[in-house]
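Data first, discussion second: the structure below is written as structure tokens.
Just so it is clear, the structure is predicted and the values come from calculations on it, not from any experiment.
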Amino acid sequence: RFVFVYFQSYILKVLELRVQTNLKSYLLEEVFDKSNYSMADAYFYINDITGHISFFYTALIGLLNSLIQTLGFLTYLILSDTRTIVTFGIGAIVLVYPSKYFVKKSREFMDKAYKIQKESNYEIQKIVDNMFLIKLLKKDREEINNFQNVIIKLNSSLLNNHKYGAINSFLPSFVTMFVFAVLIGFFNFAKILTLDFIGVTLRLFQSIGLISSSINKLVNSQVHIKYFYLMDTNKNMLNKENY
């Protein structure tokens with residue numbers, strides 16, 4: 001099992017790096033052909049956005065793996081105890097609503113992070129291009145403070161994105177553990193629930209948590225894919241002779 005897990009992770013990384021290489025080469029060709037990218041945009045699109053888009057494939061395969069695991073655990077539980085699994089099935093359906101909210105909030109903050117990260121590149125270019133003038137006017141501390149404020153805003157958006165994503169992935173396991181604790185602690189369910197049923201149910205909801213986490217990653221990657229698509233479909237005319 002661990003050999004398969006290792007090769008799966010290796011193959012996924014190779015796929016991710018190949019996609020990243022192709023995207024970086026493609027965007028560098030665009031920079032040459034259009035000759036109208038700023039330094040900030042060139043660095044941002046080639047170095048940052050390509051990594052996020054290539055990560056989409058890793059998240060997609062992670063989602064498919066989690067779905068297969070969930071199907072396997074669910075099949076076992078249906079065959080062993082149909083009535084109890086119906087109860088947990090209702091609980092899983094209820095979890096869809098908070099999960100949908102957390103994914104939406106996570107995407108919202110990723111969208112903000114994308115825009116602020118782009119802004120931070122412009123700040124760097126502005127400082128580098130005007131270094132002589134900034135030092136001459138003794139505005140270096142002011143520019144550094146402005147840049148720090150942009151980074152603080154970026155970190156805040158990324159932290160909120162992580163926060164909602166983490167809650168979304170932990171929620172199914174937490175709810176399952178909580179329900180088991182209530183059933184065993186306050187009701188006479190300890191005699192009914194077998195150890196294997198409890199173990200497989202916990203693994204089932206862990207897989208559901210992984211599904212939620214993968215969906216969250218896909219949605220985050222979709223933000224960058226959307227902006228890449230908008231950039232790619234709104235190209236200006238070729239300007240190869242522009243130096």
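Counted by atom type alone, Tyr43 and Asp48 present zero donor-acceptor pairs between their side chains at under 3.5 Å. Counted by atom type alone, Gln20 and Thr50 present zero donor-acceptor pairs between their side chains at under 3.5 Å. For Lys163 and Asn160, the side-chain atoms include at least one donor-acceptor pair closer than 3.5 Å.
In this structure, the separation between CD on Glu123 and NZ on Lys126 is 4.0 Å, given to the nearest 0.5 Å. Atom CG of Asn220 and atom CD1 of Ile225 lie 11.0 Å apart (nearest 0.5 Å). With rounding to the nearest 0.5 angstrom, the OG atom of Ser156 is 8.5 Å from the NZ atom of Lys112. Taking OH of Tyr164 as the start and CD1 of Ile167 as the end, the distance is 7.0 Å to the nearest 0.5 Å. Put simply, CG on Leu17 and CG on Asn22 are 11.0 Å apart, with the number rounded to the nearest 0.5 Å. Rounded to the nearest 0.5 angstrom, Gln69 CD and Leu210 CG are separated by 6.5 Å.
At a threshold of 4.5 Å between non-hydrogen side-chain atoms, the residues Ser157 and Ile116 count as touching. Two residues are said to be in side-chain contact when any heavy atoms from C-beta on lie closer than 4.5 Å; Leu23 and Phe228 meet this criterion. Looking at heavy atoms from C-beta onward, Gln222 lies out of side-chain contact with Met110 at the 4.5 angstrom threshold. Contact annotation: the side chain of Glu119 approaches that of Lys153 to within less than 4.5 Å [non-hydrogen atoms, C-beta and beyond]. No side-chain heavy atom of Val219 sits less than 4.5 Å from a side-chain heavy atom of Val223. Side-chain contact check for Val3 versus Phe7: some heavy-atom pair is nearer than 4.5 Å. Residues Arg141 and Ile144 form a side-chain contact, since some pair of their non-hydrogen atoms from C-beta on lies under 4.5 Å apart. Residues Ser120 and Ile151 are in side-chain contact: their nearest non-hydrogen atoms beyond the backbone lie under 4.5 Å apart.
Legend: residues meeting side chain to side chain donor-acceptor pair (under 3.5 Å) with Tyr122, ordered by chain and number and at least two apart, are Asp41.
Nearest heavy atoms, Thr70 versus Ser207: OG1-CB, 3.2 Å. For the residue pair Tyr227 and Asp111, the shortest heavy atom distance occurs at OH-OD1, 3.0 Å. Of all heavy-atom pairs spanning Thr75 and Leu71, the tightest one is OG1-O, 2.7 Å. The shortest non-hydrogen separation linking Gly62 to Ser214 is C-OG, 3.5 Å. Nearest heavy-atom pair, Leu154 versus Ala113, reported as atom, atom and distance to 0.1 Å: CD1-O, 3.4 Å.
Aromatic rings from Phe44 and Tyr114 are positioned such that their centres are separated by under 6.0 Å.
Applying the side chain to side chain contact (heavy atoms under 4.5 Å, CB included) test between Ile49 and each of His224, Lys24, Lys118 identifies His224 as the sole match.
Linking ILVMFWY residues whenever their side-chain heavy atoms come closer than 4.5 Å, directly or via other members, places Tyr57 and Ile211 in the same cluster.
Surrounding NZ of Lys100 are at most 12 heavy atoms belonging to other residues, nucleotides or ligands under 6.0 Å away.
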